[in-house]
Amino acid sequence: MRFPAGRQPAAPVQPPPLFALQSFNALISVGSILALMLGTVRWTGWEWSAWQIGVVTTVANLCYGGLVFIGGRLADRWGRARSGILGASLGLVGSIPAMISTEQWTTVMAAMCGFAGAAMFFPGSAGLFSDAEGAAGGPPPLHRKVRRYNLGWAAGNLIAFLLFDWLSTMPSWLAYGVVTISFLIVGVSLWRWRNLQPGRPAPSGDRAPHAALPRLLIMYRLNLFLACILCMAMITQVAKGLDAQVGVKEATHLASGALSAFAACYMMMFIVLGSWGGWILRPWALWAAQCGFLLGTGGLLALALCGYFPMLLIIACGGLIGSGYGAAYVGSIYYSLRLPEGVGKAAGWHETFIGLGNTMGPLLAGLFMSFVCSGVTGLAIFLLVLALAMITWQVVMIPGARRLGAR
C-alpha cells in the first residue's frame, strides 16, 4: 500500500504477539546474564577475591534494583515499548566497549549497563504481556500469560548459562558480540511499537480484586527477595567457591552444569504452574513447590563437607534450587499482575524486590565466604540459612492469607 507524501502508516494498535514478546525477553536475558557471567569468569581469572567479586556484582545489581521501579513508571506513563527500547540501548552502551577492549573497566561497565538495560525493559515487557491477546483472539488466563512471560526470560538465562562456558574462552569481540547482537535485535524489533499506548485490563475474572491479594503480595514479594539473595549468591560465587577445591577450569565446568540445571528446572516449574491453576489462592501448594530450596542447598552442603563434587550431583543440587526459585518467582509476578490497574508500576515493584535481592546476594555471600567460612562450604551454609528463612516466613504468613479467603 502506498501513502500520500508526508504521511506515515499508523503505529500498530495491538501489542506485539506473545511469541515475539517471549523472544524479546529471552534476548534481553541472554545479553544481561552473559555480560555478568563473562565478567565473573574474567575477574576470577584475574585473581580477584570473593569479596571483590561480590562488591562489583553488587554494584551491577544496584543498577537493576535502583532503576527498575523507574522503569515501571516509565512503562505506564511514557510507553511500554519505548521503555523496552531504552533498555536495549543501555545494554548496547555497555557491551560495545567490552567488544573492543579487554580492560577490566569494560567488563564492569558491560555488567552494569546490561542490568540497567534489563531494569528499563522488563516492567514494560510485563505490561505488554498483560495487554496481549492470544493467537486466537481474546486474552488467555493470567497464569498462562505469566507462563509465557517467564519462559521467555528463563529460556534466555538457560541459553546464557549454556553459552558462557564456551564464550569465556573466546576473544572479547566474539563473546561480547553475542551480548551486543542480543540487545540490538530487541531495540530494532520494538521500534515499530514505539507509539503504542498502555492498556488497562477489565477488573473481572482472574483480574478481579480479592481480599487476600494484599497479604499474598507482601508474602511473595519478600519471599522472592530472599530467593534472589540465595540464587544470585549461587550464580556469582559458585565458581569461586569451587575454585579452591578443583581449580578454575573444573570449577567453571561444574558451575556451568549447576547453573544450566538451575535454569532448566525453574523453566519446568514455570510450565507446570502455568498449565495448572490449582495453586492460585492456595498458598500451601506453592509453599510445597519450594521445598527444592532445602533439598538443593542441603545437598550442596553435604557434598562440600565430603569434599566430593561429581557433576551429576552438582547438577541435581542446582536443579532442585531452580525448581524452588521457579515457584517463588511465579507467586510474586502472578499476584503483581493480578492487580486491576497500574501493571507497569506493579511489575516495577516486583522487579525491585528482585533487584534488591540480586544486589545483596553477591555481597553478603562474598563477605560470608571471606570472613566467616570460606569456599563452597561457606557458600552452601549461606544458601541453606536463606532457604530455611524463606520456608519459615511463608509458614508465618499463610494462616493470615487463608483467613482472608485464600485456601
Quiz item: Which heavy atom in L128 sits nearest to a heavy atom in P16, and how many Å separate them?
Solution: CD2-CD, 4.1 Å
Practice problem: Enter the distance from R147:CZ to K145:NZ here, rounded to the nearest 0.5 Å. | Solution: 13.0 Å
Quiz item: Can you list the residues that meet the side chain to side chain contact (heavy atoms under 4.5 Å, CB included) rule with S374, with sequence neighbours excluded?
Solution: none
Practice problem: Could you check if a side-chain atom of R82 sits within less than 4.5 angstrom of a side-chain atom of L74, using non-hydrogen atoms only? | Solution: no
Quiz item: Do S189 side-chain atoms and I185 backbone N/O form a donor-acceptor pair below 3.5 Å?
Solution: yes
Quiz item: Is there any ring-ring contact (aromatic ring centres under 6.0 Å, His included) pair reaching into residues 59-104, and which pairs are they, with sequence neighbours excluded?
Solution: F69-W349
Quiz prompt | Shortest non-hydrogen separation from S83 to R80 and the atoms involved | solution = OG-O, 2.9 Å
Review item, side-chain donor-acceptor pairs of residues 104-115, under 3.5 Å, at least two apart:
unit_1: Q104; atom_1: OE1; unit_2: W48; atom_2: NE1; d: 3.4
unit_1: T106; atom_1: OG1; unit_2: S101; atom_2: O; d: 3.1
unit_1: T106; atom_1: OG1; unit_2: E103; atom_2: O; d: 2.6
unit_1: T107; atom_1: OG1; unit_2: W43; atom_2: NE1; d: 3.0
unit_1: T107; atom_1: OG1; unit_2: Q104; atom_2: O; d: 2.7

Anything under 3.5 Å between a donor and an acceptor, one on a side chain of residues 307-318, the other on a protein residue two or more places apart or in another chain? List them.
none

Quiz prompt | Spacing of NZ belonging to K240 relative to OG belonging to S370, to within rounding of 0.5 Å | solution = 8.5 Å
Exercise. Have a look at I381 and tell me which of L383, T377, L379, L384 forms a side chain to side chain contact (heavy atoms under 4.5 Å, CB included) with it.
Key: T377
Exercise. Compare every heavy atom of C63 with every heavy atom of A119, then report the nearest pair and how far apart it is.
Key: CB-O, 4.0 Å
Practice problem: Can you measure from CG (L62) to CG (L356) and round to the nearest 0.5 angstrom? | Solution: 8.5 Å
Quiz item: Could you give the distance from SG (C228) to CD1 (I354), rounded to the nearest 0.5 Å?
Solution: 5.0 Å
Self-check item: Taking every non-hydrogen atom, the tightest pair across L273 and H143
Solution: O-CD2, 3.8 Å
Self-check item: Y149: side-chain hydrogen bond (donor to acceptor under 3.5 Å, both in side chains) partners, not counting sequence neighbours
Solution: E351
Donor-acceptor pairs under 3.5 Å, side chain of residues 254-270 to any protein atom, not counting sequence neighbours: which ones?
unit_1: S256; atom_1: OG; unit_2: F161; atom_2: O; d: 3.4
unit_1: S260; atom_1: OG; unit_2: S256; atom_2: O; d: 2.7
unit_1: Y266; atom_1: OH; unit_2: N157; atom_2: ND2; d: 2.7

Quiz item: Can you tell me how far the CZ atom of R338 sits from the CG atom of L217, to the nearest 0.5 Å?
Solution: 11.5 Å
Exercise. Report yes if some heavy atom in the side chain of V68 is under 4.5 Å from a heavy atom in the side chain of P123; otherwise report no.
Key: yes
Quiz item: Counting distance only, does the side-chain N/O of R215 pair as donor-acceptor with the main-chain N or O of A212 below 3.5 Å?
Solution: no
Self-check item: Minimum-distance pair of heavy atoms, taken over all atoms of G241 and M369
Solution: CA-CE, 3.8 Å
Contacts table for residues 325-333: side-chain donor-acceptor under 3.5 angstrom, sequence neighbours left out:
unit_1: Y329; atom_1: OH; unit_2: W153; atom_2: NE1; d: 3.4
unit_1: Y329; atom_1: OH; unit_2: H350; atom_2: NE2; d: 3.3
unit_1: S332; atom_1: OG; unit_2: H350; atom_2: ND1; d: 2.7

Practice problem: Can you sort out the partners of W284 under ring pair (Phe, Tyr, Trp, His ring centres under 6.0 Å), two or more places apart, ordered by chain and number? | Solution: W287
Quiz item: Does T392 use its side chain to pair, donor to acceptor, with the backbone of A389 at less than 3.5 Å?
Solution: no
Quiz item: Passes side chain to side chain donor-acceptor pair (under 3.5 Å), R221 versus S336? Steps please.
Solution: CA-CA 9 Å; R221 282 179 176 171; S336 293; 3.1 Å; yes
Quiz item: Excluding sequence neighbours, so at least two apart, what forms ring pair (Phe, Tyr, Trp, His ring centres under 6.0 Å) with Y335?
Solution: Y220
Exercise. Might you work through the side-chain contact (heavy atoms from CB on, under 4.5 Å) test for R148 and L21, ending with a clear yes or no?
Key: CA-CA 9 Å; R148 301 285 294 267; L21 290 172; over 6 Å; no
Practice problem: Indicate yes or no: at least one non-hydrogen side-chain atom of W166 is less than 4.5 angstrom from one of L174. | Solution: yes
Quiz item: Are L190 and F121 close enough, and set up right, to give a side-chain contact (heavy atoms from CB on, under 4.5 Å), and what steps lead you there?
Solution: CA-CA 11 Å; L190 275 176; F121 173 83; 4.0 Å; yes
Quiz item: Looking only at heavy atoms, what is the nearest atom pair of S182 and V30, with distance?
Solution: OG-CG1, 3.5 Å
Quiz item: Which is it for N25 and F129 under the side-chain contact (heavy atoms from CB on, under 4.5 Å) test, yes or no, and what are the steps along the way?
Solution: CA-CA 11 Å; N25 275 15; F129 269 90; 3.7 Å; yes
Quiz item: Should L34 and V178 be marked as a side-chain contact (heavy atoms from CB on, under 4.5 Å) after you check the CA-CA gap, both sets of side-chain angles, and the distance that decides it?
Solution: CA-CA 9 Å; L34 272 180; V178 173; 3.8 Å; yes
Throw together a table of side-chain donor-acceptor distances under 3.5 angstrom for residues 85-98, partners on residues two or more places apart or in other chains.
unit_1: S89; atom_1: OG; unit_2: I85; atom_2: O; d: 2.9
unit_1: S95; atom_1: OG; unit_2: G91; atom_2: O; d: 3.3
unit_1: S95; atom_1: OG; unit_2: T180; atom_2: OG1; d: 2.8

Quiz item: With sequence neighbours left out, which residue pairs that include part of residues 393-403 fulfil the side-chain hydrogen bond (donor to acceptor under 3.5 Å, both in side chains) condition?
Solution: N223-Q394, Q290-Q394
Quiz item: For the atom pair CG (L67) and OG1 (T352), what is the distance rounded to the nearest 0.5 Å?
Solution: 9.5 Å
Quiz item: Any side-chain heavy-atom pair from L36 and M232 closer than 4.5 angstrom?
Solution: yes
Listed pairs under 3.5 Å, donor-acceptor, residues 292-303 side chains, sequence neighbours left out:
unit_1: T297; atom_1: OG1; unit_2: F293; atom_2: O; d: 2.7
unit_1: T297; atom_1: OG1; unit_2: L294; atom_2: O; d: 3.4

